[in-house]
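Working notes for the structure below.
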Amino acid sequence: MSDAFLGSRLIYARAGLDESMLLESPFDMLRKWLDDATDESVKEPTAMVISTATKEGKPSARVVLMRGLDERGLTFYTNYESRKGQELVENPWASATFWWALLERQIRIEGPVERVSKEESDAYFATRRPDSQHASAASPQSQVVASREALVALTQAVADQYPDAMPRPEHWGGYRLIPTGFEFWQGRPARLHDRLIYEKTEDGWKTSRLAS
Ligand SMILES: Cc1cc2nc3c(=O)[nH]c(=O)nc-3n(C[C@H](O)[C@H](O)[C@H](O)COP(=O)(O)O)c2cc1C
């Protein structure tokens with residue numbers, strides 16, 4: 001097996017990020033970078049790594065899709081009984097990380113997480129295709145299953161019960177990560193990357209530069 005990938009030495013030279021480019025609201029800044037990623041046809045620009053931890057601080061991370069963004073925070077949907085759901089019961093803090101290789105940009109966001117309202121989850125669930133509704137209702141996410149066939153059979157049983165759309169099951173819904181901090185990272189040559197952060201304070205968002 002070749003280890004050629006271990007020798008990767010990309011030079012990031014596409015753009016810089018200086019203080020004059022920061023928007024007042026970090027949410028607007030996130031929207032701007034998401035727009036840039038969308039304009040560049042990045043596949044799944046809203047994919048973000050959500051990291052959670054147990055109450056002992058043991059971390060775990062996985063990719064989810066951001067489904068909502070406003071001044072309250074970033075919303076994603078999942079199974080409340082999944083591993084991430086259980087960890088968020090024990091420890092309601094998480095981080096979100098976006099990485100768009102094409103743009104040589106990373107964003108890190110941290111903060112507490114809360115469930116969105118039932119009405120918000122209902123409204124989002126209703127927009128999903130029936131086959132996605134059936135699978136998310138039937139699948140015991142993060143549990144061991146005997147086989148793929150067993151999972152398909154569970155989903156089929158729900159599909160038989162609800163041939164079309166179905167109501168949202170209680171165990172599935174949204175979370176909102178309420179940011180207390182953001183970091184916007186732009187790759188630069190010679191490892192001198194740009195890192196600008198926003199920290200939430202009583203007087204609003206405070207910005208600073210971090211060493212790379
Ligand atoms: C691009 C991508 C998007 C995903 N979006 C979601 C999502 O929105 N919600 C979700 O529950 N899982 C999503 N997943 C699956 C998760 O990565 C993960 O397998 C699942 O949520 C179980 O994680 P857990 O066992 O840590 O709770 C996505 C995976 C990928 C690769």
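Indexing begins at 1, ligand by ligand and atom by atom, following the structure's order.
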Does either side chain, that of [X] or that of [Y], offer a donor lying less than 3.5 Å from an acceptor on the other one?
| X | Y | answer |
| --- | --- | --- |
| Asn91 | Glu87 | no |
| Asp203 | Thr201 | no |
| Lys84 | Thr78 | yes |
| Tyr124 | Arg67 | yes |

| request: In plain terms, say whether Asp36 and Lys32 are close enough for a salt bridge, that is, a side-chain N and a carboxylate O under 4.0 Å apart. | output: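 Salt bridge: yes.
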| query | Between Trp172 and Tyr77, what is the ring plane arrangement, given parallel below 30°, perpendicular above 60°, and tilted in between? | reply |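 Ring orientation of Trp172 relative to Tyr77: parallel.
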| message | I'd like to know whether ligand 1 has Gln141 as a neighbour, heavy-atom separation below 4.0 Å. | response |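 So Gln141 counts as touching ligand 1.
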| Tyr77 heavy atom under 4.0 Å from ligand 1 |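 Tyr77 counts as a contact of ligand 1 under the 4.0 Å cut-off.
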| request: Out of Arg83, Gln86, Lys84, indicate the one that has the non-hydrogen atom closest to atom 22 (C) of ligand 1. | output: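 Residue with the shortest heavy-atom distance to the ligand atom: Lys84.
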| query | Of Val63, Ile50, Val64, Thr46, which has the heavy atom at the shortest distance from atom 14 (N) of ligand 1? | reply |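 Nearest heavy atom to atom 14 (N) of ligand 1 lies in Val63.
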| task | State whether the side chain of Ser121 and the backbone N or O of Gly173 hold a donor-acceptor pair below 3.5 Å, judged by distance alone. | result |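 Not confirmed, Ser121 side chain does not pair with Gly173 backbone.
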| Among all protein non-hydrogen atoms, which one is nearest to atom 26 (O) of ligand 1, and what is the separation to 0.1 Å? |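 Here the nearest protein heavy atom works out to Arg62 NE, 2.7 Å.
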| field | Taking atom 8 (O) of ligand 1 as the reference point, the nearest protein heavy atom with its distance | value |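 Minimum-distance protein heavy atom for atom 8 (O) of ligand 1 reads Leu65 N, 3.2 Å.
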| query | Relative to the heavy atoms of Ser142, which atoms of ligand 1 are at a distance of less than 4.0 Å? | reply |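 Per the distance check, 24 (P), 25 (O), 27 (O).
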| message | Taking 4.0 angstrom as the limit and counting only heavy atoms of Thr78, give me the atoms of ligand 1 inside it, by number and element. | response |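 Under 4.0 Å from Thr78, ligand 1 has these atoms: 10 (C), 11 (O).
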| request: Using a distance threshold of 4.0 Å (strictly less than), state whether atom 19 (O) of ligand 1 has a protein heavy-atom neighbour. | output: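 No, there is none.
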